[in-house]
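Worksheet: one structure, shown below.
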Amino acid sequence: MKMETSKIRNVTVVAHGNAGKTTLAEAILFKKKLIQRMGKVEDGNTVSDYQPEEKERKISISLSLIPFEHKGVKINYIDTPGYADFFGEVLSGIRAGDNGLILVNATSGIEIQTKKQWIYLEKENKPRAFFVNKLDAENTDFFKIVDQIKETFSPKAFPVVIPVKEGKDLKGVKNILSGDAEGVEDYKKELMEIAAEGDDALLEKYFEAGELSPQEIKEGLKKAYLKGEFFPILGGSATALIGIDELLDFIVDYMASPDAFGSVRGKNPKTGEEEERKISTDENFSAFVFKTLSDPYVGKLSFVKVYSGKLSSNTQVYNSSKDAMEKVSQLLFVRGSNQEPTDNIIAGDIGVITKLVSTGTNDTLSDKDAPIVYPPIEFPEPMLSKAMRPKTKADEDRMSIGLGKIMDEDPTVKVSKNNETKEQIISGIGETHLSVIMEKLKKRYNVNIELTTPKVPYRETIIKKTKVEGKYKKQTGGHGQYGHCWLEVEPLERGKEFEFESKIFGGAIPKQYIPAVEKGVREAMEHGILAGYPVVDIKVTVVDGSYHPVDSSELAFKVAGSMALKKALEQCNSIILEPIEKLEIIVDEQYMGDVIGDLNSKRGKVLGMKAENGKQIIEALVPLSEVLTYANDLNSITQGTGEFKMSHSHYEPAPPKVAEKVIAEAKREEND
């Protein structure tokens, strides 16, 4: 068939884990005779969960595209992970889709991740529908779930099918929208009212005639659905193949085609002015890269949603995000791991470009002479950091290449170097996320890495003032070495780091040697005397000294400065300082008490709380050593719904017990 934008439906399927998104995709593919038999997640043989890590863990980790046709319409089923650690994939899927289909597990009802997914679908203004799955399980109650949906999400949610049971067995579903459905008059009347409210002209007619034709009901419901004034609820069982036909008919008849939204907005990269593109093949070409994948055989795959115009193979396009031209060689339509070459991808459709060089996730592609940049997906910030230790030199050599490719695929992964502790740090959403990354590194790139808790960058400082002498005198066969200085060393206000001053008068130390004294002091500050951590917040003043006209040198005065500072640290009661982090924690109100109690147990100080967008935001100061694995703790307390941002605030003296532990640990490492 000739593809048209109006004949496309992009449906992002979201749910809490184990609601049956992948199984529903299998049921549809089986119904459409695209597979011979339905695969099972637990058997690792489904179309959408095709990556080795997904087969092994028996969960979806990556979003997957499942295109198929129904009644002359192309449906792109976008299967997304339900596990909180892979929420970045859900956001990519929401951006690519035009509709949200929210699955609810009839046996467990509405769960935590479902609420989070609803919020993001709402934020992106995507019309939404529900599918209550697993209605064939014992003791399930469709109408109880309908009430839950209305209460949790919107009173504008309303069923368009109802289950048909014989005793406890699910036999099918009755489609309220079809003309021949019996015994559903009350539901039909309510749907008629929703349809009338979706359109002013229909509302007027409904008031006058008290009735709408089936076609008018359909048009009114479509408008209400598109405007977010009607959230249809369907249901059935993916494993029993019940309710699948009704769902597919609903997607075709009621869900939004890409052009139903009219246009999409972006900015001209040259002028910064806002621009609009009509979602049509008649417009200049533009597309958005919502996902990147590294295929072991084909190479880099860039998943694109074409917003306007047409993307053709063997052409050149402009990456307007990076001001670079890209050669488009091969285009693909993918169904899970299956790849089918195509000559073009039209406005509204989703496909894959192979082997782009500069392009990554969040980039916009366009015509060179009509550039536009679409807003990027705002991916969640990584919340859990670990130190990476390659097991061998060969692993270390391969590590950066493997990590580079993984970061191309997953924008929620960050890699950095802590120059102070000399550790390579990897940050991700949670423990499972980091574990999956390690598996990918091992299996794909033969890199073996051990993850450990990062070291805490403690500091040392002093708490009283002293005056010390540094004298370096060395006699050799020729010229000797002579450097001599008196230093006053005193504490500075926290955060002032270091000040150096010279009060030398009358040439006790020649001017050219003063910078050498400072250099020696700074070098000695790199390793404190208690546990080897850098010394901070001190002021050093050179007050006196002496020199030798022949034997004095910059080196001698540098050594003298270093010797003097080490003496000062011994005399000034050095103490350990610990880093204090500022946390901004976003949680549902029901978890506030538990979160604050946990912060108190971590020696935290709550600075304040405020309500925003239905959430509670807690600001607190907490020692870094207490929150190195805070992502795990917050996940546990909030069932995966809490989020937080962490930034360095300042240093404070560590309590005696903490300081003792830090010093003991440093001595143990020194002796190992």
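FYI, side chains are in, hydrogens and waters are out, and symmetry mates aren't considered; it's all heavy atoms of this structure.
- With no hydrogens or angles considered, a side-chain donor-acceptor pair links Arg57 and Ser435 at under 3.5 Å.
- Contact check on Glu578 versus Arg603 returns a salt bridge, with a Lys/Arg side-chain nitrogen under 4.0 Å from an Asp/Glu carboxylate oxygen.
- For the pair Lys539 and Phe500, the cation-pi criterion (under 6.0 Å, within 45° of the ring axis) is not fulfilled.
- Salt bridge absent: Glu111 and Lys116 never bring a charged side-chain N and a carboxylate O closer than 4.0 Å.
- Salt-bridge formation is detected for the pair Lys386/Glu431: a Lys NZ or Arg NE/NH1/NH2 atom is positioned less than 4.0 Å from an Asp or Glu carboxylate oxygen.
- Donor-acceptor pairing under 3.5 Å is recorded for the side chains of Tyr651 and Arg459.
- Taking a cutoff of 4.0 Å between a charged side-chain nitrogen and a carboxylate oxygen, Glu570 and Lys567 do not qualify as a salt bridge.
- Under the 3.5 Å distance criterion, with hydrogens and angles disregarded, a donor-acceptor pair is assigned to the side chains of Ser546 and Tyr482.
- The aromatic rings of Phe86 and Tyr83 sit tilted, their planes meeting at an angle between 30° and 60°.
- Asp544 and His484 share no donor-acceptor pair across their side chains, judged by distance under 3.5 Å alone.
- The pair Glu652-Lys605 counts as a salt bridge, with a side-chain nitrogen and a carboxylate oxygen less than 4.0 angstrom apart.
- Checked by atom type, the side-chain pair Asn319/Thr359 shows a donor-acceptor distance below 3.5 Å.
- A salt bridge between Glu526 and Arg522 is absent, with no side-chain N of the basic residue lying under 4.0 Å from a carboxylate O of the acidic one.
- With respect to the salt-bridge test (charged N to carboxylate O, under 4.0 angstrom), the residues Glu273 and Lys267 do not qualify.
- Salt bridge Arg95/Glu124: present, at least one basic N to carboxylate O contact under 4.0 Å.
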